[in-house]
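Here the structure comes first, spelled out in structure tokens, and everything after it is commentary.
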Amino acid sequence: MTTGTTEKLHFYFMGICGTAMGAVAAALKDLGHHVTGSDANVYPPMSTFLESKGIEIVQGFVAENVPRDADLIVIGNAMSRGNPEVEATLNLRLRYASLPEVMKDYFLRGKRNLVVSGTHGKTTTSSILAWLLESSGKSPNFMIGGIPGNFGKGSRMDGDSEFNVIEGDEYDTAFFDKRSKFVHYLPEIALVNNIEFDHADIFDDLEAIKLTFRRMINVVPGNGTIVINGDDRNCLEVAEAAHSPVVKVGFDERNDLRITSVEYAAANSAFTLDGELLEIPMVGEFNVRNAAMAATAAKRAGLSWSEIRNGLQSFEGIARRQQLRGETERGIKIIDDFGHHPTAMRQALAAIRTRYPNNRLWAIFEPRSNTTRRRVFQEELPKALAAADGVCIASIPNPEKFPENDRLDPDLIVARLNGEGKKAFHEVDSDAIVERLKAEATDNDVVLVFSNGGFGGIHDKLLQAL
């Protein structure tokens with residue numbers, strides 16, 4: 001299987017309505033292949049998008065759905081043993097592969113792949129990088145775990161572009177391949193924003209995470225480049241044995257490219273990198289770092305500083321990354337953020353504090369990820385949330401999935417914050433949090449909602465209630 005093959009094949013996507021699965025399925029269809037698939041939840045907009053491409057989708061997972069004559073069964077990351085279609089594929093000895101493998105063989109091989117990795121900032125950095133290439137006329141393909149404002153969609157895979165910008169997730173590839181997804185992406189330029197412990201459901205400790213980043217770095221070619229956060233000790237350690245050139249970016253004077261002369265305003269940030277004055281319409285140190293990493297990779301990919309400068313100034317941000325969802329008649333602002341790790345939450349709160357320095361700031365948190373529902377961040381979460389003036393924490397969903405001694409205790413977080421003089425509340429769900437804020441919020445407050453899910457539609461509920 002190679003990019004540009006003229007043979008027309010039949011691909012069957014198991015879990016086709018996932019964002020990345022659907023994007024690659026549509027791209028293969030555009031290349032002239034026969035594509036079908038199934039999913040448990042078939043609904044717009046993905047279902048209508050795939051149907052508009054002429055892709056037949058069946059609802060539900062049934063063994064009889066699996067086409068015996070398919071050339072390749074593409075098994076999504078959400079599929080596991082026990083799924084009727086997985087079992088049928090194995091019993092029939094059909095040829096199968098993961099989505100990252102399909103991306104590698106049909107879209108990435110032979111191309112210039114820029115892979116953005118790290119515990120935090122992947123979506124923002126990859127969105128900036130894709131836009132820098134786009135605004136300079138490179139028309140890159142991209143696969144990003146968010147919706148960049150400049151594109152209005154998270155993926156574009158048409159097979160023709162010289163460049164691919166891929167958000168490199170360290171999560172595992174499939175039930176049959178427990179390596180991280182990013183080891184499949186053939187990086188010419190690999191970016192490592194930072195490395196911390198996360199994904200407690202698949203990694204035992206920080207050393208296991210360092211190992212998987214070493215594996216990605218180990219497949220960067222000798223004529224490629226590894227761009228790392230030179231202020232991050234774990235990044236430095238992981239890159240020590242690299243076989244490719246390493247470029248260290250950061251604030252410390254020991255970096256190869258140093259970020260200096262940083263100035264923050266209410267709606268933008270300016271900084272100097274490699275002697276070049278750059279500006280982004282985003283606030284906070286974390287976004288300056290993300291922009292500096294993207295700019296460094298773009299320069300290595302061949303862009304001029306003038307192209308980079310113009311691209312940064314016209315970047316429009318990403319949905320669910322410090323996104324203003326609305327403002328009430330009382331001047332209360334509701335802001336959405338995908339943050340679910342203490343470091344990311346602390347950085348987001350600092351950025352919003354810079355943006356609204358004179359407003360009271362509320363942090364609303366839904367502990368929903370596999371890691372935050374565990375006790376892993378029991379000590380770090382109150383430290384991060386203490387940057388807000390008031391805090392509301394929801395109960396963890398499906399607590400029965402975790403032993404009590406391994407389960408996050410929101411009451412302990414609230415007690416810790418209360419002991420430090422903060423207003424903090426543990427409420428059962430989004431509706432209870434809305435009722436709490438109806439009583440506690442005052443005019444011109446800023447409410448920053450942290451969740452990596454829908455959180456019961458809390459944003460619209462807050463806008464209506466307040």
Side-chain angles (χ1 to χ4, degrees), residues 114-129 132 167-168 170 182 187 189-198 205-207 209-214 216-217 220 224-242 244-264 268-280 282-300 308 312 321-322 339 341-354 377 380 383-384 387:
L114 285 61
V115 178
V116 180
S117 70
T119 308
H120 319 293
K122 293 186 293 294
T123 299
T124 300
T125 305
S126 52
S127 297
I128 295 172
L129 182 52
L132 293 179
E167 180 175 332
E170 69 270 30
F182 56 35
I189 300 176
L191 291 79
V192 186
N193 276 351
N194 37 63
I195 299 175
E196 291 192 64
F197 183 68
D198 199 3
D205 50 33
L206 179 59
E207 290 306 313
I209 290 177
K210 289 180 184 177
L211 175 60
T212 200
F213 276 91
R214 287 191 182 96
M216 180 195 64
I217 284 175
V220 177
T225 304
I226 301 163
V227 181
I228 68 168
N229 176 352
D231 298 333
D232 186 303
R233 181 182 62 187
N234 294 325
C235 290
L236 291 169
E237 182 181 326
V238 161
E240 280 178 352
S244 313
V246 176
V247 178
K248 299 187 289 293
V249 181
F251 290 88
D252 191 274
E253 62 184 11
R254 291 171 292 183
N255 285 293
D256 302 307
L257 294 182
R258 191 178 176 195
I259 303 168
T260 59
S261 305
V262 180
E263 294 184 8
Y264 301 119
N268 64 343
S269 304
F271 62 99
T272 298
L273 183 69
D274 197 28
E276 299 289 335
L277 180 61
L278 305 173
E279 184 178 312
I280 54 170
M282 305 172 74
V283 295
E285 177 186 311
F286 204 54
N287 286 320
V288 166
R289 284 188 182 276
N290 292 335
M293 294 288 285
T296 302
K299 191 71 172 66
R300 290 277 164 165
I308 292 169
L312 288 177
R321 269 65 178 182
Q322 299 170 32
H341 185 287
T343 299
M345 294 163 70
R346 186 183 303 111
Q347 296 282 1
L349 285 164
I352 296 302
R353 187 72 82 181
T354 300
F377 296 135
E380 288 81 0
K383 295 176 185 177

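On a predicted model such as this, the values are computed, not experimentally measured, just so you know.
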Would you check if [X] and [Y] make a side-chain contact, meaning some heavy-atom pair closer than 4.5 Å?
X	Y	value
Val283	Tyr264	no
Leu273	Val249	yes
Asn287	Gln322	yes
His120	Gln347	no

Next item on the list: Might you work through the side-chain contact (heavy atoms from CB on, under 4.5 Å) test for Thr343 and Thr119, ending with a clear yes or no?
Entry: CA-CA 9 Å; Thr343 299; Thr119 308; over 6 Å; no

Would you give the length of the straight line joining atom [atom1] of [X] to atom [atom2] of [Y], rounded to the nearest 0.5 angstrom?
X	Y	atom1	atom2	answer
Lys299	Leu132	NZ	CG	12.5 Å
Asn290	Ile280	CG	CD1	8.0 Å
Arg300	Thr225	CZ	OG1	4.5 Å
Leu312	Phe271	CG	CZ	6.0 Å
Thr296	Asp274	OG1	CG	8.0 Å
Phe286	Asn193	CZ	CG	6.5 Å

Next item on the list: Look only at the side chain of Thr125 and the backbone of Lys122, and say whether a donor-acceptor pair between them is shorter than 3.5 Å.
Entry: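 Checking the backbone N and O of Lys122 against the side chain of Thr125, no donor-acceptor pair under 3.5 Å is found.
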
Note to self: So does Val288 get a backbone contact from the side chain of Ser269, meaning a donor-acceptor N/O pair under 3.5 Å?
What the structure shows: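 No, because the side chain of Ser269 does not come within donor-acceptor range (under 3.5 Å) of the backbone of Val288.
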
Checklist line | side chain to side chain contact (heavy atoms under 4.5 Å, CB included) partners of Thr260, counting only residues at least two apart | finding: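 Partners of Thr260 by the side chain to side chain contact (heavy atoms under 4.5 Å, CB included) criterion, ordered by chain and then number, come out as Arg258, Thr272.
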
Notebook entry, point to check: Considering residues at least two apart in sequence or located in another chain, which fulfil the side chain to side chain contact (heavy atoms under 4.5 Å, CB included) criterion with Ala297?
Noted result: Leu129, Ile189, Leu191

Least distance between heavy atoms, [X] atom then [Y] atom:
X	Y	result
Arg321	Thr124	CG-OG1, 3.9 Å
Val115	Gly168	CG1-CA, 3.9 Å
Ala351	Gly284	CB-CA, 4.1 Å
Ala242	Ile217	CB-CG2, 3.8 Å
Arg353	Ala387	NH2-O, 2.8 Å
Ala239	Ile228	CB-CD1, 4.0 Å

Results of salt bridge (charged side-chain N to carboxylate O under 4.0 Å, His left out) for [X] - residues two or more places apart only:
X	answer
Arg254	Asp252
Lys248	Asp256
Arg289	Asp231, Glu285

Margin query: Could you check whether Ser117 and Glu170, counting side-chain N and O atoms only, form a donor-acceptor pair closer than 3.5 Å?
Written below: no

Checklist line | Pair Val262-Phe251, side-chain contact (heavy atoms from CB on, under 4.5 Å): steps then yes or no | finding: CA-CA 10 Å; Val262 180; Phe251 290 88; 3.6 Å; yes

Check: Passes side-chain contact (heavy atoms from CB on, under 4.5 Å), Leu206 versus Ile195? Steps please.
Finding: CA-CA 8 Å; Leu206 179 59; Ile195 299 175; 4.2 Å; yes

Notebook entry, point to check: Mind checking what makes side chain to side chain donor-acceptor pair (under 3.5 Å) contact with Glu279, not counting sequence neighbours?
Noted result: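 Testing Glu279 for side chain to side chain donor-acceptor pair (under 3.5 Å), a comparison that skips the adjacent residues, returns Asn268.
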
Next item on the list: Evaluate salt bridge (Lys or Arg N to Asp or Glu O under 4.0 Å) for Glu237 paired with Arg214, printing each intermediate quantity in order.
Entry: CA-CA 9 Å; Glu237 182 181 326; Arg214 287 191 182 96; 3.4 Å; yes

Notebook entry, point to check: Met216 and Val192: side-chain contact (heavy atoms from CB on, under 4.5 Å), yes or no, with the steps?
Noted result: CA-CA 10 Å; Met216 180 195 64; Val192 186; 4.0 Å; yes

Note to self: Whether Lys210 and Glu207 form a salt bridge (side-chain N of Lys/Arg under 4.0 Å from carboxylate O of Asp/Glu) is what I want to check.
What the structure shows: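 Salt bridge present between Glu207 and Lys210.
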
